[in-house]
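This report concerns only the one structure given below.
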Amino acid sequence: MSSDTDSKVKATAERIIELGKEVEAPGQAVTGDTSMQRARTVLGAWLDGMRGIVVNPALGRVTVIHENGDASSIASAELAFRLSAAGITQLG
């Protein structure tokens with residue numbers, strides 16, 4: 001990552017951590033290479049268990065349906081747009 005990109009990522013992580021602190025629910029930020037690789041591994045396994053998906057570009061939300069029937073929502077206009085643009089919202 002470039003130093004400019006790295007700075008933006010760290011600033012975003014810090015802003016999110018501060019928002020969590022305001023509601024007494026602090027989180028933890030990970031930006032290092034080793035931690036990010038582990039996070040990608042965990043997220044990859046999590047996605048491999050996906051059995052359905054609901055894409056709502058108008059709300060900027062994607063909902064993953066897991067094999068046990070539980071749902072996890074991701075608020076991301078970019079992800080919703082990318083999935084929509086890839087035709088994921090089409091039946092079939």
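Quick note: numbers below take in every heavy atom, side chains included, and nothing from hydrogens, waters or symmetry partners. Nothing here was measured: the structure is a model prediction, and the numbers come from that model.
Residue Arg82 holds its CZ atom at 13.0 Å from CD1 of Ile88, rounded to the nearest 0.5 Å. One distance of note links CZ of Arg38 with CG of Leu43; it measures 13.0 Å at 0.5 Å rounding.
Judged by distance alone, the side chain of Ser84 and the main-chain N or O of Ala80 form no donor-acceptor pair under 3.5 Å.
Between Ile74 and Leu79 the shortest side-chain heavy-atom distance falls below 4.5 Å. Side-chain contact between Leu83 and Val62: present, with at least one pair of heavy atoms (C-beta onward) separated by less than 4.5 Å.
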Evaluate Ile53 against Thr63 for side chain to side chain contact (heavy atoms under 4.5 Å, CB included), listing each step before the verdict.
CA-CA 6 Å; Ile53 191 165; Thr63 302; over 6 Å; no

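Identified under the side-chain hydrogen bond (donor to acceptor under 3.5 Å, both in side chains) test for residues 40-50, with sequence neighbours left out: none.
Nearest heavy atoms, Met50 versus Val64: CG-CG1, 3.4 Å.
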